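This structure is a prediction, so every number in the text was calculated from the model and none was measured.
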Amino acid sequence: MKKFLFAFSLLFPFSSFAGIYTNTNNFRPYVGIDFGLNIADYTVETKLDDQYYSATINAGARIARNFGVELFFSHSSANDLEYISTVDALNHEIYYMAYGFDVFAYYPINQDFDFFTSFGVGNYKVYNKYEYISPFEEISATESENNVTTRFGIGVMYTLPNDNVSMMLQYQYIPINDVLINTMSEFSVGARYIF
C-alpha cells in the first residue's frame, strides 16, 4: 500500500492540472532557507524538552511543471537539561545535524499556488552530551549516532508575482529511530530564490 501511495503521489500530477503552470522554462534552479519547529518523540521517559528549532539551507531545481529535487543541510538547536542539588549535578544536552535530498511532486492550484508532496532520504546525526558530578564520581561523555532514514512531507508554496521568489509552508514526518529519538515531526516555513 505504501508503495502504491508513493508511486501515485509522483505520477498523478503529470496527468493533471493541464494549462495552469504557464512558465515555459521547465528547469528552474533555486537556493533557499527554512526555519522549523521540530517535535521529537523520545524512546525513553525524559525531562528533556521535546521541541527543537532548526535552520535548513537547501539547493534544488524544479525540473518540470510537476517535478523537482532538492539537497538540504539542517542543524537543530540544543536542548539542555540541568539538575543541581547539594549532593550532585547533572547536565544533559542533545541536538542533531542532517543532510540529504528530497524529491517533490507539485500539484498546481493556480498560476501562483502549488500544493506539493515530498519523499526524501536523510542522514541524521544525533549528538548526546551528558555530565554527572557527585561526591563519589564524575562522568562526562559525548555520544553520536548516524541514522539514515526516509522523510515524508506535504506543503503549499506561493510564488510571488516577480516569479523569482517563492514562500512555502510544509510538514515533514521523519522516523529517525535513534537511541533517544524515535520520530520527529517538523513544521517549517521557508523561502526560495529562483534563478
Minimum-distance pair of heavy atoms, taken over all atoms of [X] and [Y]:
X      : Y      : result
Pro175 : Thr183 : CA-CG2, 4.0 Å
Ala40  : Ile181 : CB-CG2, 4.2 Å
Tyr30  : Val69  : OH-O, 3.7 Å
Phe116 : Val156 : CE2-N, 3.5 Å
Ala78  : Tyr95  : CA-CB, 3.8 Å
Lys125 : Ser144 : CE-OG, 3.5 Å

### Task
Would you kindly confirm whether Leu37 and Phe152 end up in one hydrophobic cluster when ILVMFWY residues are joined by side chain heavy atoms under 4.5 Å apart?
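No, because Leu37 and Phe152 fall into different hydrophobic clusters, even though each may have its own neighbours under 4.5 Å.
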
### Message
Side-chain heavy atoms nearer than 4.5 Å, only ILVMFWY residues, links allowed to pass through others: does that put Ile139 and Phe136 together?
### Response
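The answer is no; the residues belong to distinct hydrophobic clusters.
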
Check whether any side-chain N or O of [X] sits under 3.5 Å from a backbone N or O of [Y] as a donor-acceptor pair, and report yes or no.
X     : Y      : answer
Ser77 : Tyr53  : yes
Asn91 : Glu131 : no
Asn66 : Tyr106 : yes

Student check: side-chain heavy atoms of [X] and [Y] closer than 4.5 Å:
X      : Y      : answer
Val189 : Asp34  : no
Thr117 : Phe104 : no
Leu48  : Ile94  : yes
Glu186 : Tyr173 : no
Asp114 : Tyr107 : no
Leu169 : Phe187 : no
Asn79  : Tyr52  : yes

### Task
I would like to know whether Asp163 and Arg28 meet salt bridge (Lys or Arg N to Asp or Glu O under 4.0 Å); could you show each step before the answer?
CA-CA 11 Å; Asp163 209 30; Arg28 307 229 33 218; 3.2 Å; yes

### Task
Starting from the C-alpha separation in whole Å, work towards a yes-or-no answer on side chain to side chain contact (heavy atoms under 4.5 Å, CB included) for Ile194 and Ser166.
CA-CA 8 Å; Ile194 306 162; Ser166 293; 3.4 Å; yes

#### Entry: Glu145 vs Val179, side chain to side chain contact (heavy atoms under 4.5 Å, CB included): CA-CA, chis, key distance, verdict
CA-CA 8 Å; Glu145 181 180 348; Val179 171; 2.9 Å; yes

### Task
Step by step, work out the side chain to side chain donor-acceptor pair (under 3.5 Å) result for Asn128 and His92.
CA-CA 8 Å; Asn128 182 19; His92 189 186; 2.5 Å; yes

No-hydrogen, no-angle side-chain donor-acceptor test under 3.5 Å, [X] and [Y]:
X      : Y      : answer
Asp178 : Asn147 : yes
Ser74  : Thr56  : yes
Asn123 : Asn146 : yes

Please round to the nearest 0.5 Å and tell me the distance separating atom [atom1] of [X] and atom [atom2] of [Y].
X      : Y      : atom1 : atom2 : answer
Asn164 : Thr159 : CG    : OG1   : 10.0 Å
Asn182 : Ile176 : CG    : CD1   : 9.0 Å
Asp50  : Met184 : CG    : CE    : 9.5 Å

### Trace of the ring-ring contact (aromatic ring centres under 6.0 Å, His included) decision for Phe73 with Tyr99
CA-CA 4 Å; Phe73 174 79; Tyr99 62 88; 7.3 Å; no

### Task
Measure up the Tyr193 and Phe195 rings against each other and bin them: parallel (under 30°), tilted (30 to 60°), perpendicular (over 60°).
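Perpendicular, since the angle between the ring planes exceeds 60°.
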
### Query
Taking it one step at a time, do Ile33 and Asn58 satisfy side chain to side chain contact (heavy atoms under 4.5 Å, CB included)?
CA-CA 6 Å; Ile33 187 166; Asn58 41 57; over 6 Å; no

### Task
Please assess Asp102 against Ser118 for the test side chain to side chain donor-acceptor pair (under 3.5 Å), listing each intermediate value before the final yes or no.
CA-CA 6 Å; Asp102 293 310; Ser118 66; 5.1 Å; no

### Task
Run the numbers on Tyr96 and His75 for ring-ring contact (aromatic ring centres under 6.0 Å, His included), then give the verdict.
CA-CA 6 Å; Tyr96 70 87; His75 198 299; 8.0 Å; no

### Message
Counting only heavy atoms not in Tyr171 (residues, nucleotides, ligands), do more than 12 fall under 6.0 Å from its OH?
### Response
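More than 12 within 6.0 Å, yes.
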
### Query
Between Arg62 and Glu70, is there a side-chain N and carboxylate O pair less than 4.0 Å apart?
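The answer is no: the pair does not qualify as a salt bridge.
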
### Task
Find out whether the Lys NZ or Arg CZ of Arg151 is both under 6.0 angstrom from the six-membered ring centre of Phe72 and within 45° of the ring's axis.
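Arg151 over Phe72 ring: yes.
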
